[in-house]
Amino acid sequence: MRKLILFLLFSALSIPMAYAQHYDIVLQGGRVMDPETGLDAVRNVGINAGKIARISRMKLTGRQIIYAGGLVVAPGFIDLHQHAQDLATQRVKALDGVTSALEMEIGAPDVAQFLRAKEGRSLINYGTSASQVAARALAFGTPLPAGAILPKIGPATNEAATPEQLQRIRKRLNHELDAGGLAIGMGLGYTPGATRLEVLDDFRLAAQRKVPVYTHVRSSGQTEPGSAIESVNEVIGAAAITGASLHIVHINSTCAADAVECLSMVEGARARGLDVTTEAYPYIAGMTTINSAIFSPGWQKRMNIGYGDLMIPETGERLNKERFDALHASSATQFVVIFSSKQEVLDQVIPNPLVMIASDGLVGHPRNAGTYSRVLAQYVREKKTITLMDALRKMSLMPAEMLERSTPAARQKGRLQEGADADIVVFDPATIHDRATFQKPMEPSVGVRYLLVGGTLLVDQGRIVPNVFPGQALMGPTHQPGTQD
Ligand SMILES: [Zn+2]
């Protein structure tokens with residue numbers, strides 16, 4: 001009897017205690033959307049110690065309650081292709097819904113230095129691939145200058161590597177993967193001197209190290225030989241031969257008029273069991289340095305554009321032959337915006353279910369600040385060619401799954417589920433839109449009301465919270481956080 005009374009007493013006490021659990025933060029009454037499970041319902045989300053601890057219909061209590069009625073609560077966006085890594089850029093990315101932004105296309109020239117520089121100083125999560133472009137520059141005895149990720153035209157970009165140089169490239173890439181690189185970033189368009197055999201060598205290394213290859217393929221445009229189709233063929237072939245996972249960056253700008261054909265190649269490769277993925281950004285213009293090998297003689301024919309399709313981002317100036325020649329020959333690095341794609345093609349590429357959204361973010365191009373809100377505004381709300389859930393899948397779950405090839409930490413990202421990292425975006429689906437333009441490329445998007453990175457509030461009522469640096473590193477398979485030298 002005494003036992004029964006005790007049991008009843010305990011039960012009576014324990015039920016209210018369970019309900020009374022306090023969370024650090026509660027997101028209350030938002031439309032919770034998870035692209036993996038398909039959950040799309042009004043729920044309360046309890047966050048504790050950086051994790052999503054509870055998703056419930058029941059009322060949750062916490063130290064901080066955020067009312068999310070009428071707002072979407074989704075996994076924070078993961079940008080696999082982000083070059084600019086400065087704080088001003090991180091602020092506009094956060095206001096665009098991004099909680100992780102990684103430099104995967106080319107990769108930082110020195111992985112350990114990149115990670116050290118960001119530790120404790122990053123607003124959002126970060127990571128990088130090991131750079132084939134930088135490894136090649138080093139092997140040729142012309143290391144990249146501080147701050148640069150792309151080489152100017154020279155032997156390191158245009159000449160074939162000797163067997164000794166190939167060995168040095170391999171050694172450097174191994175070193176960089178040991179330091180925490182998440183992949184091999186391969187900028188073939190910037191190193192046309194790399195032979196097909198060298199490319200296979202790098203893919204073999206990636207397969208051995210169990211990391212993917214991210215690649216800006218050798219060439220773009222429709223002219224044979226050297227078309228985008230041939231270039232995509234080359235890397236799909238290398239993936240098939242070596243077994244390495246392959247991610248083809250910005251298929252929109254690389255393949256331009258043939259982007260739909262290129263997507264059918266990715267689809268075909270996947271149907272044959274190859275691990276090939278791709279991404280795009282929602283703008284008809286690209287951007288790169290005018291001093292790079294992309295602009296080696298014949299670029300007009302290769303890209304099917306002329307001088308007037310090139311624009312100086314700082315001034316809006318369109319180029320002519322004289323200006324092009326002067327800038328191309330100059331030792332000063334100059335970025336140019338390249339108008340090379342058509343809206344009709346882009347409108348087929350962005351909704352394709354194989355395509356992840358990734359910004360290729362660089363200061364001077366509106367894609368740095370506006371990519372994610374632009375997709376939500378233009379394709380989900382206005383054109384209605386992507387459902388909201390599919391857009392979230394392209395922005396969070398698909399890139400998380402890509403990162404899982406090289407880091408188990410990514411399994412906790414890209415999901416709005418109990419146990420996942422509390423990287424969360426809370427936005428107004430009725431009003432979210434980009435404001436960045438080619439004239440004002442750093443104008444922040446509007447509509448992201450709250451953003452949490454690892455459970456820390458980074459955007460509060462549409463404004464950046466000052467003096468918090470919750471961004472954490474994502475690192476490759478041989479490296480664990482806190483052990484880098
Ligand atoms: Zn690129």
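All values reported here derive from a predicted model rather than from experimental measurement. When a ligand or atom number is given, it counts from 1 through the structure's own listing order.
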Using 30° and 60° as the class limits, which term best fits the ring planes of Tyr283 and Tyr281: parallel, tilted or perpendicular?
tilted
Can we call the ring centroids of Phe427 and Tyr372 under 6.0 Å apart?
no
Counting backbone and side-chain atoms alike, is an N, O or S atom of Asp360 positioned under 2.8 Å from the Zn ion (ligand 1)?
no
Output yes when a side-chain donor or acceptor of Glu176 lies under 3.5 Å from a complementary backbone atom of Val111, and no otherwise.
yes
For Tyr214 and His247, take the angle between the two ring planes, folded into 0 to 90°, and tell me which bin it lands in: parallel under 30, tilted 30 to 60, perpendicular over 60.
tilted
N/O/S from His81 sitting under 2.8 Å away from the Zn ion (ligand 1)
no
Vertex the Zn ion (ligand 1): angle to ND1 of His216 and OE2 of Glu105, to 10°?
90°
